[in-house]
Amino acid sequence: MTTLTTPEGEPPAATDGEAFLSVRDLEVHFATEDGTVKAVDGLSFDLMRGRTLGIVGESGSGKSVTNLAVLGLHDPRNTTVRGSVRLAGQELTGAPERTLERLRGNTMAMIFQDSLTALSPYYTVGRQIAEPYRKHTGATRRQARQRAVEMLAKVGIPNPGRRVDDYPHQFSGGMRQRVMIAMALVCNPDLLIADEPTTALDVTVQAQILDLLGELQQEYGSAIVLITHDLGVVANTADELLVMYAGRAVERGTVREVLSSPRHPYTWGLLDSMPRLSTPVDQSLRPIPGAPPSLLATPAGCPFHPRCAYTGQVEGDRCATERPALAAGRAAACHLDAHAQATLRRTTR
Ligand code: SF4
């Protein structure tokens, strides 16, 4: 396991019980010709070592933007990042680029959705796995190549000693995704961010990749952030769940809590729109009506209110005028009272 070092070379000490990754009041705003896009607008969450946090929501909910901010990958020329991102106690927001560069690929790494885009077609997979290892550890070419072979074996690529010299296009989609996992894990990162890592894969390969991530997490003890639009993916993989809508967290809890007793109407909509084994074949899925709001002009009050079927259950016009807060711990950002959150979905399905 690598240790995180500060710019001065001192290992930052995470105190007992302190979250390994702590995000507070994160805002990521993009300046565009049409105005300011509030892609993330006041997001907070914690993640402990060895745990997996699933972040779910529709496209444009802010999931990927959040994690690019954690990695410090936004272009400062048109992006404003405010709030706090602390990794093992070290503040990353506003940290010098050379600090972030040293942490990326070493202490924190990312697996992207599209392996064809993320891997260079011009270099062998072995070279692409070995390069970050050499850069961060100072290993020789021979040692780095050996490490690449080891990593390919670890992620289940047959004949790794031979395939290390193949190019990305010589692998199937599932095998390329394994190569990308090998690349992300080559320096034993403490934080792994997986952005829709299985979306392009068929269900069998998807299950294999998720199992592999789980096994490697057991081995390395990494904290994992798993970004997905698919609640089915997090059901067997994540420990905690954060549901995002319009750049904000709307529900939080353990996976079991959120999936077995969801409290937010948006989470109800996500669950009702996905197929399950128990769904009768003649019963159609129910998509959430309407579309996510423009992040140039997020609706006042609860951002979900133009699509919500339950505004009539809340007194007055609070849904349209008052932004619901997300309390600490197990919570939903909704004006419905606790009884309504617990019972309404059951009575209206
Ligand atoms: Fe629906 Fe109102 Fe709750 Fe928002 S606050 S989810 S609009 S009931």
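Remember, it's 1-based here, ligands and their atoms both numbered in the order they're listed.
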Between Y245 and F304, how do the two ring planes meet: parallel, tilted or perpendicular, split at 30° and 60°? perpendicular

Before accepting this row, confirm whether a basic side-chain N of the pair R51/D46 lies closer than 4.0 Å to the acidic partner's carboxylate O. no

Indicate yes or no: does E101 engage R98 in a salt bridge with an N to O separation below 4.0 Å. no

Per-atom filter on ligand 1: closer than 4.0 angstrom to a heavy atom of H264 are 6 (S)

Would you call R82 and D25 a salt bridge, taking side-chain N to carboxylate O under 4.0 Å as the test? no

By residue and atom, what protein N/O/S atoms are less than 2.8 Å from atom 2 (Fe) of ligand 1? C319 SG

With sequence neighbours excluded, give me every salt bridge (Lys or Arg N to Asp or Glu O under 4.0 Å) pair touching residues 305-317. E58-R307

When you check the gap from the basic side-chain N to the acidic O, do R145 and D165 get nearer than 4.0 Å? yes

